[in-house]
Structures are given as C-alpha cells and as structure tokens.
Amino acid sequence: MSARSSLLRDSLIAIAAFLVLAALPYIFPSKGFTDFVVRLAAFGIFATSLNLLVGYSGMESFGHGLYFGLGCYTFALIMQNFAVSIPVAFLLTIFLSILVAVVVGSICVNLSEIYFAFLTLAFQMLLHSLIIAWTPITGGDQGLTGGIPRPPFLGIRLDNYYHLYLFSSGLLVVCLLAMHHIVQSPFGYTLRMIRDNVSRAPFLGINVFRVRLMAYVIAGAFGAVGGIVMSLFVSGAFPDFAYWTISGEAIFMIMLGGLTVFLGPLVGAVMLLLLNDVVTKLTSHYGIVLGGIILLFALGLRKGVLDFVADMWRDRRQATLSAENRSEVAASAKPAVAAGE
Amino acid sequence: MTSRNRHAVGRRSVLKGAGAAAATAIAGFPFISRAQNKPIKAGMVTIGSGRGAMVGSASSKGASWEIEKFNAAGGLNGRPIELIVRDSKGKPEESARIAREFVNSDGVDILFDADSSAAAFAIQEVAKETGVLTVHMNSETSSLTADPKIRSWNAFRSARQGIHDSIAGGSYAAEVSKTKGLKTWMGCSPDYAYGRDSNKLFFEYLKHFHKDAEVIGESWPKLFQPDYTEQLTKILQTKPQAVYTCLWGGDLTAFIDQSNIYNLFAQIQVFAINIADYSILTAVKNLPKGIHSGSRYLSTFPATKENADWAAEYRKKFNEHPVNWSWENASGAKFVTEAIKKTNSVDPKKLAEAMSGMTIDSPFGVGGKLTLRAEDNTLVNYATGWGETIQKDPYVPDVKAVDWKVILELEHEWKKANKYI
Amino acid sequence: MDLSALGSCLISPSCVITQSTSGLIIGLLLFLVAAGVSLIFGVLKVVNFAHGAFYMLGAYFAYSAYQLSGSYLIAVLAGGIGVAIFGVLFERLLISRVYGSPVLMQILVCYAMILILDDVVKIIWGADFLSFGMPPAFQQLPILFAGGVVPVFYLFLIVITLIIAALLGLLITKTRYGKIVRAAAVNPSMVSALGINTGVVYASVFMLGGLLAGLAGGLAAPVRSLTAGMGTSIIIESFIVTVIGGMGSVAGALVGSILIGLVRSFGSIGFPLFTEGLMFVMMAVVLVLKPSGLFGKEGR
C-alpha cells in the first residue's frame, strides 16, 4: 500500500473515531465519562509518544515524563501569566519542548540501552528538582494552583466540559493519526531497522544519531501535547507530572497494552486508568490488588494484550497459510526492505 | 499439550476479569439520582497508602464516628449519612480526580477533603466548579481560606490554620526567650509549602513579640527525608540557642531519635510545634524532657471533662489514641450534621448559609465552643497553646493557652499585609 | 545558595570532621542497599526497583524481632536473614520467569512488588509510623573529637558497614563463589556449560542483595521512622550511586555512596535547596563523560 492511500485510510478511520467519540457523551451522559476520556487523551497521547521510542526505536527512555511535565507547566504558566490565546500558548509550549528535546536528545541518544534510560531519568529528575526548588514561579510542591484562564478561540470554549471533551478527543485522534503516519513512513521503517540492527544502518548511509535524535524530538513534542491536555484537565500543574513515576506509568501502559501494535499503548492507557479508578473505588487495598493484577499480566501473558492478540492472530494465520503456501509468510515481517524505499 | 491448555484458560480468565472490571467501571457512571429515602452521601478524599497512610486512618475514624452518632439519632428524617472513603495515594491530581468522581459519578451531597494541603487546593478547584458543599478537614495552609481569590462560598475549613499556630507559637516562644535569655535561633523545617510558611511566620511573630530574637541560620530537609544527620550537624556547627521545627509525623520521630544521639536537646532549646500529638508522644521511645510544643491534640487540653471523655471513648472504640486529624475531622463532620439538622436539607446553598458563622458545642473549643467564622469560612476559637514535654503521660502537663484576642488581632494585620482584605 | 558558609566550614576542622562523618554515615548505609542493586544488575541485568522495598522489609523484620527479643543484634540478623530468604523467593517465583522478557517487563514486576509490599506492611504493622528506639547500649553522649561531634551509634554503624563492605569485597574477588558470580556476569552460557547451575547462582545473588538490604534496614532502624513507602527515597539514591560507581562494581558502589553522602552533608551547608538536583547533575555528568561509571568496565 502506498503511503498516500494508507494516510487516506487512516484519516477516514480517524474521522470515524472522532465522530463516535463526539457522540458517546449522548449515550453516557455523565461527566464521569467525559472526565475519563479527557484523562485518557492525555495519557493515550503520552504513552503512544513514548512507544515511538520504546517500541519502534528500541530506545528505552525512563525519563519521558520530562516532556509531560514540561508541557503541563509551560502551558499552564503561559496561560496564567500572559494574555495569549490557547493556540498560541499551545504552539509556544510545543516549540519549547522541541528545543529542550534537541538539547537533551543530543546528549542522550548516543548512549546505549540502560545508560540512555538512566540519563533520560536524570534529566527528568532535574526538571522535577527545579520545579520543587523554584517555588515563586512554579508553586513548588503545591503545584500551580488558581486555575488556568480559558479564553474562547474559534468558537471553542474550554471552560465548558463538553468542549474540553471534544477538544481532547480531537487532539487524541489527530496525534495518533500523525504518529501512525510517522511510523508507517520510510522514516519509521528506518527507526525499526536501527532498532533491529544498529551496526548495519551506517552501511546503508543512515546517520544513526540524526535519526534517533529526530525520533526523540518528535516523541518529546507529542509527549508535551499529553501534558497540555492534562494541565487543562486539572486546571493547573503538579510536580508529580514531572516525577519519575509518571514515566513509569507510561511504561506500564505500553507493557500492558502492547508495544508492537500501534494502538497498544492507548489500550494500555485505558486499562491502567480503569484499573486505577475501579480499584480505588472498590477497595482500600489499592497496592495489593493493582500489584496482583499487574503481576498476573506480566507473568501470565508476558506481553501486552494487543501483542498477545496480534501474536495469536499471526500464529493462526501462519498455520493456515503454511498449509497452502509457505512463501507468502516471509514477506510479512521485513521492515528492512521497506526502509530502502 | 495439557500445559498449553492450562495456560490458555489462565489467559482467558484474566481477560474475563479485565472485562468485568471494565463493565463495573461503565456501570459506575450512572445518572445522578437523589430520591428522598436514599442515604445522604458524603465522599471523603484522603491518603490511604504509602507514607501518608496514617492521615487517612485517623481522619476517617474522626469523621465516621461523628456520622455514626448522627445516624443513630435518626439522621435527616430517617435518612442516614453514608460515608465513602477513597485513597488519593497522596497525589493531588488523583485527589482532584476522586473529588470530581464523587460529585459527577457518585452524586455525593457533601465532599470531605481529608487530604494533604497540596491536595486541598486541587479539591478547592473542584468545589468551585461543581458547587458541592466541601469541608477541608486537614489543610492548615492559611491562604486556602484567607485569600479571597481561592476562597469559595461552599467550602469550609474545620482544621487549625497555620497563621493562628504561628502567632501562638511566636508569642509563647517570645515569653520563654525573655525568661531564658534566648536570642539566637535556627529553623529546621521541611522544604515544602507548609514547612516554609510555618517557618517564616513563626519567626516573624517571634520577632514581633521579642525584638532581640535573631535567626542565624536555616536548614531545609526534604519532606519524608529519612536522614537528618546533615541538618543536625549543621545546627551543631551554627550553635544557636534555640531551634524551631515544624517537622511532623514519622519525619519528626526520626528527627527526635537522631537528635538524641547528638545530645542536641541538652544543648539547645527546641520548639517543635507538632510534638504534642499522641501519634508522636506514644511512638517515640526516648522522648526527651523539656521540648516546647504546640498542642496538636491532648486529652488534657482543654482540661475539661468533655474532652477527656471524648478521648477515652475514642480510645475504647478504635483501640488507639486520638490525634490532631481525629478532632479536626470530627469537628468538620459535626458542623455538617448540625447544619443538616438545622436546615432540614442537604441543599448546598442552604447548608453553606447555615454553616457560615455557625457555632457548635465542642470539646475542642475554648469554653466548649467552636465557630466557623463567617468572613472567611474558617475555624476559630479552637484550643491552642504551648507547653513543655515530660517523658510520660500526660506528656505535656502544663499547656499555656494562647489568647484568641491576640491571635485574631495579628491575623487581621497579616491579612491586610497580604492584601487579602 | 550560601557558598561563604561552605567555605568557612571547609577551613574549620570541627566542621569538616562533623560533616564528613555525617556524610560517611549517610553514604555507608546507602552503600549496603546500592551494592545489592549493583550486583543484581551486574550479574542478572535486572534493574531491581523493588530493592528499596527490601530495605523497608528489613527494617520491619528487625522491628518485630526487637519487640520480641529485646536484642538489637538479633533484630539486625533477623532483618538481614529474613530479607535474604525473601530475596530468593522473589527471584525464584517471580523475577526468574521474566529473564527472557524486555527490561521494562522486569521493571513492571518489580513495581507490582513495591505496590504489594507497601500494602502488606500497612496491613501487618499498621498505617502509623513506628519508632524502633535507640538500644540502651548506644544511649550515650556523643564523642567529641577535634571539635567535631560523632555519636557513638554512628561510629558503630560506620565500623560495621565497613566490615561488611570488606567481607563483600573479599567474597567477590577472592572466593570461588565470587569467581563464578563474576563469570556469570560476563558470560552466563559459559558458566552453565561448565556444569554450574546458573539458576542457583542467580538466586544466590538475590539472596546476597536481600541480605545486604535487610541488614541496612535493621541497622538503620533505630534512627529511622518505619513507614510503608520508606524504601522509595533510598532506591532512587541507590540508582544514582550505581550509575556513578559503575553497574556491577562493589568498589564503585562504595565510592559512589560515600560521594553522595558527602555531597549531601556539605551540600546542606552550601546549597541546602538544591542538594537533590545536584545528585542528578552528578549522575548526568558521569553518564555523559564515562557512561560505564567510575569503576565500570567499558565495552557495553
């Protein structure tokens, strides 16, 4: 399938998904539901953006929360302190995140595996220390309080919960569409090739550093979008959003949902958020129940739900195919060839 | 073959479990219904896990006991209050989420915030947005109710307030300084909003009452820092005559244990506002004599029969000592139940109108009365004082009550200085 | 920022002695935890996020043993041995099942363990913080030395942790067991080809790590408050130490721990509000200049 026709198909799916999302509040007319989807949009974008690194590039970042926190605080601070419109604040936030990602990425992406993980963690914790220490600006451990002003733009009034819901759903759909397009592009296949065989890439004339840095910056920019949605949801920002646990949560979403399937992190986000909410609601032993469920997944499935489904589907398909024609199977998993296009 | 099958079953049941969880969650978003015979719902957001778990444990006991009494007396025309407690895990964003869930999905009539002070601000936003009747039962941060930009008509505070405690502490410390000739001071408070606020205001009022006092150094441990060695040695290097600390909970016990082995208390007068609470007094194995502390909760202060009885009953009921959070939450719940009885309603507007300026009989008030001050929806006239520790029960035998007239006067000036009024 | 205070401390012997011992004591207790993290990573390539929870368990085990026996020695041993056993169980029943899985899956298992243990501790020992109390033998006035102040208990802790560090160093460098462990770190398939059961080696490394963390919990208990979640702060510092010292290196863990301890004790005088940030800066600098750490071997 050519890139253009796949983009067209994706766009149609995205529009359909958005229409369904827009209609859902009429079926579940509860603010509890819209609240859930807004949070899901924040975490869905964030986890998927991390999976650009973890799943598609083999870069296991422990510090992706840097961009979530940065997006959250930058956006909230701009809105609180300057009389600008929401789109302007949005773009400024993304711009700043890209700048930070270029600097941090240039330092980090050359490191291998666990060192990359720890260095990204260190940068995230630096931001966290800064937020905590720079109280006059950031509000320190109390977080940014007092709410975010939401001037209307293009007829969108984000102080209305349904508008916020539509806006967040729209962002979720658009970001997923964009990220999917990126991973299906030649650039995406280059990333996968570097992931699978880093020593071969230079022979094909690929500048590994530049490709990785670009992936890191793209992931950071989308991660910041997740943070912006979060800051709109909580009407402020909290230092937890820059703490290492937020990166941990995104990793769990990826691991729960699956890292080889594009929508895996989104599914993982749905699962973890639902688990959190339901477990909090039903029991006072949050740790034991949630921990037990995570263990069941990790030790029982040993992969994310969508990974599991995809594997099962592939096994079944392979079984039927191998009975008929063996040669077709080999073509299904050859990213390196496609990358040359 | 068999083992593969077993795995498959295991996986399926896992998926089924997740499906069931999802179904519950969706069923958890019902329409809000408020039929007359249904119980009145009160949702409490508190900390139930991790280092702050004791907050939830004591808070829910204090409030639930008061609600039990209300229900036993027949409730509101037979409608009892149902208290739902949920754990925010000490994360403000989760506190806000749970508060919204309480209002939007569970349809609670009353929101109890028994969470940290950071969470209180997040919950205040929910209170403003939804208009639900809210009581902050633990937050002592003054600006929550003092700042008109943050204050809300439907949100009240049934807890101590930092500014009151600082004025009380400052005036007491000034008296002690004058008799003992203490001039040089150091602060050692946790580096977060409450710690910085409390530290700053304490010294401000100390200097107000005692002009010669001088702060010669400060050290700022992190909240929940396990080790205070570096702060202690800094204090020993700086050699002040007195130290102020507003460490609390487990941090304070660790601080006391570690100070003991440096023999700090023999060399320096320590003013620790949060010691006189049974959670600390009974936990510390080698409680030093002669530490100055504010009264958090003591069954002997106010020295009335009502207070002693309440503490004794609480101990009998829960098999543990009441603490500061216990009385703050009991008081918050009491104000709400009194307002419900008075207005015969759970309408937030009517309740808020009734609670604003309301005075109730209470073992914890000066002269047996507690008031929610009308001008800023916050608690006043609660028992507050300072005294010196001894090693055994009653731990702080002689608590010097601080005059509310002085507190209110200086609070008024403080509000002006901060442009709150 | 108060660099003049730091300067005047550095030229005063009493200040240097007091702050150095306080740095040592912070660092050496940290070392016991970090050494386990480092060993487990070096040999098994597992980032054991649950190690802070091991430390917490050690403190609680010690607390209960102290309540029952009244002996600090028994309490510390109970902490160490109890967690050693727990470490083996954790490795055999849980971690060993995800050796082939991605690193992140292993971390997920560790995280689940932290959640569960924090809750279990709350159920067994209660939500309130607990205070161990100073054993009577150490309830003494601190020693004055060249104007510096050193508590007797801390002197004891310094000596005992140094002994443990020395024994650990001997175990790893001089014994047959140490050779096997070091070999397993480099080439596990070679070790198993020699007829050595790698499963046993892996479990024993977790046992050793658990022992150290448990001892640390027990040793520190008299000067810590015990709460669920008390392992969180020490695990982050342990990772910083592990990175700075070099993953898998016991000597690196020792040097890194003491370095962190000194940064904290002197940092609290010079820049009290940014000591935490400074540790992460150090970690970042080491990672950029020498990713394998001060004592790590290059070539990964």
Side-chain angles (χ1 to χ4, degrees), chain A residues 28-36 39 72 132-133 135 139-148 159 161 230-231 233-241 243 245-246 256 270-271 273-288 290 293 296-297 299-301 305 308-309 312, chain B residues 7 10-11 13-15 17-18 21-22 24-26 28-32 48-50 56 60 84-94 96-98 100-101 103-106 116-122 124-126 128-130 141 143 147 149-150 190-196 222-223:
Chain A
F28 302 110
S30 147
K31 281 190 191 170
F33 174 77
T34 51
D35 276 359
F36 182 82
R39 269 166 76 226
C72 203
I132 294 285
T135 317
D141 59 286
Q142 293 272 38
L144 269 183
T145 50
I148 297 179
D159 45 4
Y161 80 97
M230 199 55 178
S231 81
F233 176 67
V234 299
S235 208
F238 296 103
D240 266 0
F241 295 151
Y243 200 53
T245 45
I246 205 89
L256 285 178
V270 174
M271 287 168 60
L273 291 182
L274 270 185
L275 272 176
N276 174 62
D277 298 4
V278 173
V279 172
T280 303
K281 205 165 186 170
L282 297 183
T283 165
S284 56
H285 295 303
Y286 175 83
I288 289 185
L290 188 66
I293 293 172
L296 275 181
F297 266 97
L299 302 179
L301 282 183
V305 172
F308 181 73
V309 174
M312 224 163 59
Chain B
H7 272 285
R11 281 162 196 161
S13 58
V14 167
L15 288 175
T24 330
I26 288 164
F29 302 132
F31 290 101
I32 300 166
S49 46
S60 57
I84 317 168
V85 181
R86 280 180 200 155
D87 173 14
S88 71
K89 298 126 212 146
K91 295 194 245 174
E93 66 276 15
E94 181 75 353
R97 182 194 71 75
I98 292 172
R100 291 169 72 96
E101 181 184 66
V103 178
N104 292 335
S105 302
D106 298 277
S116 71
S117 51
F121 286 99
Q124 183 77 342
E125 291 295 314
V126 180
K128 278 183 176 173
E129 190 190 317
T130 59
T141 313
S143 62
D147 188 343
K149 288 201 292 291
I150 301 174
D191 181 25
Y192 78 114
Y194 164 73
R196 284 187 298 262
K222 292 264 169 283
L223 181 63

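What's counted below: heavy atoms across the whole structure, side chains too, no hydrogens, waters or symmetry copies. In the text below, chain A, chain B and the rest are named by the order of the sequence lines, each starting its count at 1. None of the values given here were measured: they were computed from a predicted structure.
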Asks: Among B:A122, B:P92, B:G56, B:S117, which has the most heavy-atom pairs under 4.5 Å with chain A?
Replies: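 Among B:A122, B:P92, B:G56, B:S117, the one with the most close pairs to chain A is B:P92.
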Asks: Could you tell me which portion of B:I84 (side chain, backbone, both or neither) has an atom closer than 4.5 angstrom to a non-hydrogen atom of chain A?
Replies: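 Nothing of B:I84, per the 4.5 Å heavy-atom cut-off to chain A.
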Asks: Side chain, backbone, both or neither: which part of B:K128 has a non-hydrogen atom closer than 4.5 Å to chain A?
Replies: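 The answer is neither part of B:K128.
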Asks: Would B:V103 and A:K31 count as a side-chain contact (heavy atoms from CB on, under 4.5 Å) here? Give the steps.
Replies: CA-CA 9 Å; B:V103 178; A:K31 281 190 191 170; over 6 Å; no
Asks: Could you report the tightest heavy-atom contact between A:G32 and B:S105, atom names first, then the distance?
Replies: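 Closest approach of A:G32 to B:S105, heavy atoms only: CA-OG, 3.4 Å.
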Asks: What distance do A:S284 atom OG and B:D87 atom CG have between them, rounded to the nearest 0.5 Å?
Replies: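 Answer for the OG-CG pair, A:S284 versus B:D87, is 8.0 Å.
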Asks: Chain A heavy atoms under 4.5 Å from B:E125: which part of the residue, side chain, backbone, both or neither?
Replies: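 The side chain, not the backbone.
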Asks: For B:S116, is it the side chain, the backbone, both or neither that has a heavy atom under 4.5 Å from a heavy atom of chain A?
Replies: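 B:S116 has no heavy atom closer than 4.5 Å to chain A.
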Asks: Can you tell me which portion of A:D277 sits under 4.5 Å from chain B's heavy atoms? Options are side chain, backbone, both or neither.
Replies: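 Both parts, backbone and side chain.
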Asks: With a 4.5 angstrom heavy-atom cut-off, which part of A:F241 approaches chain B: side chain, backbone, both or neither?
Replies: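 It is the side chain, since no backbone atom gets that close.
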Asks: May I ask you to test the A:T280-B:E101 pair for a side-chain heavy-atom distance under 4.5 Å?
Replies: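 No, side chains not in contact.
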Asks: In Å, rounded to the nearest 0.5 Å, how long is the span from CD of A:Q142 to OH of B:Y194?
Replies: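 Rounded to the nearest 0.5 Å, the CD-OH separation comes out at 12.5 Å.
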Asks: I'd like to know if A:D141 and B:R196 make a salt bridge, using a cut-off of under 4.0 Å between side-chain N and carboxylate O.
Replies: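 B:R196 and A:D141: salt-bridged.
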Asks: Got a salt bridge between A:D240 and B:K91, using NZ or NE/NH1/NH2 to carboxylate O under 4.0 Å?
Replies: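 Here A:D240 does not pair with B:K91 in a salt bridge, since their nearest N and O are not under 4.0 Å apart.
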Asks: Would you mind checking which part of A:T135 comes under 4.5 Å of any heavy atom in chain B, side chain (CB onward), backbone (N, CA, C, O), both or neither?
Replies: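 The answer is the side chain of A:T135.
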Asks: How long is the gap from CZ on B:R86 to CG on A:L282, to the nearest 0.5 Å?
Replies: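 The CG atom of A:L282 is 8.0 Å from CZ of B:R86, to the nearest 0.5 Å.
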Asks: Could you check if a side-chain atom of B:E94 sits within less than 4.5 angstrom of a side-chain atom of A:N276, using non-hydrogen atoms only?
Replies: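 Yes, side chains in contact.
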